[in-house]
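Below is one structure; the comments refer to it alone.
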Amino acid sequence: MMNRKALPTFFSTVLISCLAIGTLSNLTDYTGIAVLIVAVLICVSTQLFANRINKLTFTHFRFGIGMGLLTMLVGQIFVLNTMPVTVYHDPYRVLSQADQMAAGHMTWNITYFWRYANNVPMAYLMSLWLRFTQLFGLSTNFSVHLLSILILDSFIILLLSTIWKISHRQSMVVGAFAFLALTPFAYTYYLQIFYSDLTNMLVLLIVMRVVMDWPHGSKMNHLVSGTGLVISVLIGALLKPNIIVLLPALAIVALILIKKKLFKKSLLLTPIILIALSFGLSLPATQAINHASNYTPDAKYAFPVTHWMMMGMNSSHHGAYSGKDVGRNIKLPNKTARSHADLKRISKRVKTLGVPGLIKLWVVKIGILLNVRGIQNWYNGGFRSAPAWYQRHARFFMELTIISYAAATLAFWFTLIRRLFGWRPDLTDSRQVTALLAIVTTLGYLAFHTLLWEVEPRYGQATLPLIWLLLAAVPIPSREKQRAVEAPRILARLSMVVTLLMTFSFAGILSQSQFKKVIVAAQRSQLSEQYHAKPTTVRPGHVITEDVSLHGAANHFSLQIHNGSKVNASLENLKTHVRYHLYSAGRNYHLHQHLKAGQYRMIIQNGTRKSQPVDIVQTYHYQLADHPVIVNGQANKHASLVYTFRLHL
C-alpha cells in the first residue's frame with residue numbers, strides 16, 4: 001500500500017486538478033501541439049540552466065536583473081509610443097468618465113455606471129490621478145500610460161523581490177523575470193489597457209508580503225506595513241469586490257493554525273483584523289466617493305448580484321458573459337424585479353443541468369478561467385494604426401504572442417505541479433504560512449467564479465502572483481536535488497536556442513494558415529448605444545471628415561454611423577483622390593475594396609433636409625485617434641468616428 005505521506009495534501013490535490021484542467025484548456029485549439037512542445041522545451045532549458053544561474057555571483061545576478069528590468073522598460077515605452085491600441089468596452093467607459101470628471105464635469109451621462117456601480121470608485125480614483133498629472137501639464141494619454149507602467153513595473157519588481165526573499169534561489173528569480181518580462185505579460189493587456197485586474201494582482205501580492213513579514217517586523221515596521229495593508233486592501237475592495245475571497249481564505253488558514261496550536265505563534269491575528277477592517281471601511285468609502293463624484297444609484301438600471309450568478313449558470317455560454325441574459329434584465333423595470341427573475345432562472349438552470357451537467361459546466365468554467373491564449377485581445381480593439389513593419393508580419397506576431405505566453409504559463413504550472421506532490425507545509429515558518437494562504441486564496445478565486453459567478457479568462461490571472469509565491473515557497477524535493485547535474489555550457493545554450501527556434505518556427509508556420517483577419521487600423525472606443533450614449537446631431541448639408549493612416553493593405557472597411565441614420569458615407573484616397581462609396585448595413589456602413597497602404601479620409605455628408613444622428617466619440621482631454629474629426633470645418637482632436645480597417649485573408 002502506498003504510504004499516506006507520499007500523497008499530496010488536500011489543497012495541493014485540488015489545485016493540481018484545476019491546473020490540469022487549465023492545461024488542457026490551453027491545448028485544445030490549433031496551437032495545442034506547438035504550445036505543449038514549447039512548454040516542455042522551456043522546462044528542459046530551465047533545468048539545464050538552473051545550477052549555472054545559481055552559481056552566479058550576487059553582483060552579476062543583481063546587475064543582470066537590473067539591466068533586464070531597464071531593457072523591459074525601454075520595450076514598454078516603445079510599445080506604447082509606436083503601437084497605441086484602441087481601448088473598448090468597460091475600460092474605455094471608466095477612462096472616459098474619469099477624463100470627464102478630471103475636467104470638472106461631475107455628471108453621469110450614460111446608464112453604464114447605474115448598471116455596474118462597482119466601477120464608480122475606479123472612475124473617481126482615476127480622475128484624481130488625472131487631475132494630479134494635469135498639474136504638471138501631462139496629457140490624459142500620457143498620464144494613463146504612466147499609471148499603467150508604474151503599477152505594472154511595481155508589481156513585477158515586488159514579485160521578484162518577494163520570490164527572492166522566500167526562496168533565495170537565483171534561478172527562481174530569473175525564471176520569474178523571464179516569465180514576466182520576456183513574454184507578452186509586460187507588453188500587452190496589462191501595459192496597454194488600464195483596468196482593475198492589475199491593481200487587484202498588486203494588492204494580493206502586498207497582502208501576502210505583509211503577512212509573510214509580519215512575525216519578523218518591529219513595532220515601527222508593523223505601523224508602516226499595517227497602514228499600507230489597510231490602504232491597499234481598501235483600494236482593492238473598492239476596485240475589485242471579488243477580493244473578498246481573502247476573508248474566508250484567512251479564516252481557513254487561521255482554523256488550520258489553531259488546530260495545530262500555532263495560531264498565536266504565527267501572529268496572524270493582527271493582519272486578519274486589519275484586512276477585515278479594510279473591507280469594513282470600503283462601505284463608507286464607497287458612499288464618500290459617490291457623494292464626492294455626485295453619483296446617485298438608480299434602481300431602475302441597477303443589476304443585482306444575482307445577475308452575474310445567473311450568467312454563471314448559463315451552460316449555452318459556458319458560464320461566461322451572455323448578451324441575451326443582459327438583454328432580458330434590461331427589459332425589467334428595476335433591481336428588485338431583476339433579482340426575482342434571476343433567482344427563478346438560476347433555479348431552472350440548476351434543475352435542467354442536474355449534477356452531471358453542473359460538474360461539466362464547472363470543469364468548462366475552470367478551463368476558461370485558466371485560459372491565457374487571448375491576453376493580447378482582452379479589451380483591445382486593435383492597434384490604432386500599427387507601423388508598416390508590424391503590418392508585414394502581423395499574423396506572425398499574433399501567433400508568437402499566443403504560443404509564447406501559453407507555453408510559458410504551462411511550463412510554470414508543470415514545475416509547480418511536480419513540486420506540490422511532495423509538499424508538506426511547515427507552519428512554524430511564516431513563509432510556509434504565506435504559501436498556505438496563497439494556495440487557499442487561489443482556490444477561493446477559482447471556486448468563486450466556478451461555482452457562483454460568471455467567468456472570463458482574465459479573471460483567472462488574479463491567481464498569478466499567488467501561484468508564483470507558492471512555487472517559490474515549496475521546497476525542491478530532495479530527489480530532484482540529487483538528480484540535478486550541471487549541464488555542459490554548450491548543451492544548456494543549445495537547449496535555449498532550440499526552444500527559441502521552435503517557438504518562432506511554430507509561430508511562422510501556423511500564421512500562414514490560421515489567422516484569417518488582421519486589424520490594420522481602428523478606433524473602436526465608444527460609450528455604446530445600449531448605455532444610452534447620445535449621438536451627434538448633424539445638420540442638413542454638414543460634412544464630417546476624419547483622416548486615417550493605413551500602414552498596411554486592407555480589404556474591408558466598416559464605419560459606424562447610427563441606427564436609422566440616413567447619410568452619405570465615403571472613403572477617399574488622399575494621394576489618388578479616388579473616392580469609394582460605402583453601402584449601408586444597419587448602423588454600420590461597409591466597403592469591400594482592396595486598399596493600399598496610404599492616407600485616407602472618411603467622409604460623412606448629410607444630404608437630407610433633416611438633421612441626422614452620427615456616432616462621434618468625444619472626450620475632454622483623451623486623444624482617441626491620430627487625426628482630428630472635422631465637423632463642417634471645425635477640428636476636434638479629442639473626438640473620433642468609430643471605424644475598423646481589416647485585412648481578410
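- Between Asn118 and Pro121 the shortest heavy-atom distance is O-CD, 3.4 Å.
- Side-chain atoms of Asp99 come within 3.5 Å of backbone N or O of His621 as a donor-acceptor pair.
- Rounding to the nearest 0.5 Å gives a distance of 13.0 Å between CE of Met398 and CG of Leu510.
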Between Lys517 and Ile519, does a side-chain contact (heavy atoms from CB on, under 4.5 Å) hold up when you go through it step by step? CA-CA 7 Å; Lys517 297 180 183 179; Ile519 294 179; over 6 Å; no
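- Using modelled atom types and a 3.5 Å distance limit, the side chains of Asn563 and Glu529 yield a donor-acceptor pair.
- Taking all atoms of both residues into account, the shortest heavy-atom contact from Tyr88 to Pro91 is O-CD, 3.5 Å.
- Ring planes of Tyr600 and Phe645: tilted class, angle from 30 to 60°.
- Side-chain contact between Ile402 and Tyr30 is present, with at least one heavy-atom pair separated by less than 4.5 Å.
- Separating the CG atom in Leu152 from the CE atom in Met72 is a distance of 6.5 Å, to the nearest 0.5 Å.
- Side-chain atoms of Gln612 never come within 3.5 Å of backbone atoms of Ser565 as a donor-acceptor pair (strictly under, hydrogens ignored).
- Remark: Lys335 NZ is loosely packed, at most 12 non-hydrogen atoms of other residues, nucleotides or ligands lying under 6.0 Å away.
- Tyr189 and Asp197 share a side-chain donor-acceptor pair at under 3.5 Å.
- At distances below 3.5 Å, not a single donor-acceptor pair connects side-chain atoms of Arg373 with backbone N or O atoms of Ala406.
- Listed for the Gln97 side chain is no donor-acceptor partner under 3.5 Å among the backbone atoms of Ala123.
- A donor-acceptor contact shorter than 3.5 Å links the side chain of Arg384 to the backbone of Leu624.
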With side-chain contact (heavy atoms from CB on, under 4.5 Å) as the criterion, how do Lys534 and Leu527 come out once you've worked through the C-alpha distance, each side chain's angles and the decisive distance to 0.1 Å? CA-CA 9 Å; Lys534 296 180 180 178; Leu527 297 178; over 6 Å; no
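- Defined by atom type and a distance below 3.5 Å, a donor-acceptor pair is present between the side-chain atoms of Ser549 and His627.
- Thr31 and Glu399 are not linked by any side-chain donor-acceptor pair at a separation below 3.5 angstrom, with hydrogens and angles left out of the test.
- Taking 4.5 Å as the limit, some side-chain heavy atom of Ile330 sits within range of a side-chain heavy atom of Arg115.
- Counting only distance, with no hydrogens or angles, the side chain of Asn334 and the backbone of Ala299 share no donor-acceptor pair below 3.5 Å.
- In this structure, the ring of Phe179 has its center less than 6.0 angstrom from the ring center of Tyr405.
- The backbone N or O of Lys300 lies less than 3.5 Å from a partner atom in the side chain of Arg338, making a donor-acceptor pair.
- Looking at heavy atoms from C-beta onward, Leu80 lies in side-chain contact with Ile149 at the 4.5 angstrom threshold.
- Note that the CD atom of Gln461 and the CG atom of Asn200 stand 11.5 Å from one another [nearest 0.5 Å].
- Partner of Tyr390 under the ring pair (Phe, Tyr, Trp, His ring centres under 6.0 Å) criterion, chosen from Phe383, Phe78, Phe396: Phe383.
- Distance alone, capped at 3.5 Å, places no donor-acceptor pair between the Ser127 side chain and the Ala102 backbone.
- Annotation: the span from Leu95 atom CG to Ile193 atom CD1 amounts to 9.5 Å, rounded to 0.5 Å.
- Applying the 6.0 Å contact sphere to OH of Tyr321 captures more than 12 heavy atoms from other residues, nucleotides or ligands.
- No side-chain donor-acceptor contact under 3.5 Å links Asn81 and His145.
- We find the CG-NE2 distance between Leu595 and His592 to be 11.5 Å, quoted to the nearest 0.5 Å.
- Expressed to the nearest 0.5 Å, how far CD of Glu572 lies from OH of Tyr580 amounts to 10.5 Å.
- A tilted orientation is assigned to the rings of Phe155 and Phe185, their planes being inclined by 30° to 60°.
- Looking only at side-chain heavy atoms (C-beta outward), Thr86 and Ser525 come within less than 4.5 Å of each other.
- Smallest separation of non-hydrogen atoms from Asn371 and Pro457: O-CB, 3.2 Å.
- Using a 3.5 Å distance cut-off with no hydrogens or angles, the side chains of His562 and Asp615 do pair a donor with an acceptor.
- Aromatic ring orientation, Tyr112 versus Tyr116: tilted (interplanar angle from 30° to 60°).
- For the pair Ile604 and Val538, the minimum side-chain heavy-atom distance is 4.5 Å or more.
- Donor-acceptor pairing under 3.5 Å is lacking for the side chains of Arg458 and Tyr195.
- Taking the six-membered ring where tryptophan is involved, the planes of Tyr301 and His532 are perpendicular, since the angle between them exceeds 60° and thus also 30°.
- Neither side chain, Asp90 nor Asn119, offers a donor N or O lying under 3.5 Å from an acceptor on the other.
- Pro613 approaches Pro535 most closely through the heavy-atom pair CB-CG, 3.7 Å.
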Trace of the side-chain contact (heavy atoms from CB on, under 4.5 Å) decision for Phe142 with Phe136: CA-CA 11 Å; Phe142 186 90; Phe136 304 94; over 6 Å; no
side-chain contact (heavy atoms from CB on, under 4.5 Å) evaluation trace for Arg524 with Thr644: CA-CA 7 Å; Arg524 300 169 70 183; Thr644 307; 3.6 Å; yes
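- Residues Thr107 and Gln100 have side chains that bring a donor and an acceptor to within less than 3.5 angstrom of each other.
- A donor-acceptor pair is defined here as one N or O able to donate and one able to accept, closer than 3.5 Å; no such pair exists between the side chain of Tyr124 and the backbone of Met101.
- A donor-acceptor contact under 3.5 angstrom links the side chains of Gln560 and Gln526, judged on distance only.
- In terms of heavy atoms, Arg395 sits closest to Ser511 at NH1-O, 3.2 Å.
- With contacts defined as side-chain heavy-atom distances shorter than 4.5 Å, the pair Tyr459/Glu454 qualifies.
- Contact of the Asn329 side chain with the Asp325 side chain is not registered, since no non-hydrogen atoms from C-beta on lie closer than 4.5 Å.
- There is a side-chain donor-acceptor pair under 3.5 Å between Arg93 and Ser528.
- Between Gln593 and Phe557, every side-chain heavy-atom pair lies at or beyond the 4.5 Å cut-off.
- Considering every non-hydrogen atom in both Ala394 and Val518, the closest pair reads CB-CG1, 3.7 Å.
- The environment of NE2 in His648 is crowded: more than 12 heavy-atom neighbours from other residues, nucleotides or ligands sit within 6.0 Å.
- Looking at Trp114, its side chain never comes within 3.5 Å of a backbone N or O of Trp108 through a donor-acceptor pair.
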